Amino acid sequence: MKVRIQRDGGMAEYAVAARASQTVLDVVTEIQREQAPDLAYRFACRVGMCGSCAMEVNGVARWTCRTHVSRVVGADGVLELRPLANLPVIRDLVTDMAPFFEKWSRAGGQFVPKDGVVPAEFAVVPPASPQRREADAGIECIGCGVCYASCDIVSWNADYLGPAAMNRAWTLVNDERDGARAGRLRAVAGDAGCHSCHSTQGCTERCPKGLDPSGAIAGLKRTIFWGLA
Amino acid sequence: MRLWAIQRVTAAVLALAVAAHLATILYAVRGGLSAAEILGRTRGAEGWLLFYAVFALAAGLHGAVGLRNVAAEWLGWRGLRWDATWLAIGALTAALGIRAAWGLYHA
Ligand code: SF4
Ligand code: SF4
Ligand code: FES
């Protein structure tokens, strides 16, 4: 199979043997081990937990360790790999995730215990309560940045917080142990926040964990509309 | 947030108002009402004046917020000066609409 990779010097082309159950990450690793030792890319867990291996695969952002080549290779047998969109490139396929995570903190992504102290006893939050369900639905984010790279608003407005950061904020807004709700809702409102989302659901469509950031953002809009209007 | 709320609320108003507006036009045209007959119905009719004043206001606001978003996202035109421009265009739209409604009422 033919593999084209966007590198610092431009597009580079490699030939790699197709194998059964081969993942995109396998292909990149093989190229780096056997053909281009200076190729920069990032991975850690290889099993879909760490969120570090995302790239643009034939134009679509994906987690590469859990993406089988056979499912994404073009009809022409070509695999084209580029670094994640909407983020600065450090080298080759490695992007700088700092702006992505900086926005998590701008969106109030930290848990703040009520009254500033973590209670000695474990809080009992009924698993069936609607708020708990909302929080649970968004909690499995691995911070891969796939949604962020797939969002048009991020590409149009560099300040836009993006789907992952607001998905995180929504889990905390629904966390009854949290004490920073009002400030967080203020942080995610406005032009850089949930009110700029077009609900196109690109993030939801692409999220490898099957989360629904678009729905989370709609939840933020609703909460702010009825709460602070 | 306030702009967003304005946009949604005016959208809801416009959805109803545009439908009513179109229905009125269809009725007037198909019924073959003359200009004089139409004026006869709108003159002194507070209901029509109010309806078209609200309609024009909603259209002006909706247009201003919408232009602001489209310009910011597609053209990168952001900032207070642009906001003022969109507000002025919206206010002009609303003013012209209300002026027209007032003309029918007062004719
Ligand atoms: S739903 Fe909103 S956050 Fe998600 S991709 Fe679309 S615009 Fe971006
Ligand atoms: S919401 Fe999904 S796509 Fe976005 S960073 Fe989290 S796991 Fe990745
Ligand atoms: S390498 Fe950890 S998620 Fe892909």
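Just so it is clear: chains get the letters A, B, ... in the order the sequence lines come, proteins before strands, and each one is counted from 1. The structure presented is a predicted model; accordingly, all values stated were derived computationally and were not measured.
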Student: Kindly say whether A/A216 contributes a backbone atom to a donor-acceptor pair with the side chain of A/K221 at under 3.5 angstrom?
Tutor: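 It does not hold such a pair.
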
Student: Hey, could you give me the CD/CE distance between A/E80 and A/M55, rounded to the nearest 0.5 Å?
Tutor: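 Result: 13.5 Å between the selected atoms.
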
Student: On the 0 to 90° scale, with breaks at 30° and 60°, tag the B/W86-B/W82 ring pair as parallel, tilted or perpendicular.
Tutor: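 The arrangement is parallel - the two ring planes meet at less than 30°.
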
Student: Establish, for the pair B/R43 and B/Y105, whether the NZ or CZ atom is under 6.0 angstrom from the six-membered ring centre and no further than 45 degrees off its axis.
Tutor: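 Here B/R43 fails the 6.0 Å and 45° test against B/Y105.
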
Student: Taking non-hydrogen atoms and a cut-off under 4.5 angstrom, which of residues 156-168 of chain A neighbour chain B?
Tutor: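 Within residues 156-168 of chain A, the residues under 4.5 Å from chain B are A/W156, A/N157.
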
Student: Strictly by ring-ring contact (aromatic ring centres under 6.0 Å, His included), give each pair with a member in residues 7-27 of chain B just once, sequence neighbours left out.
Tutor: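 Sorted pair list: B/H21-B/Y52, B/H21-B/F55.
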
Student: Can you name the one residue among A/R42, A/R7, A/Q6 that meets side chain to side chain donor-acceptor pair (under 3.5 Å) with A/D92?
Tutor: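 Among the candidates, only A/R7 passes.
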
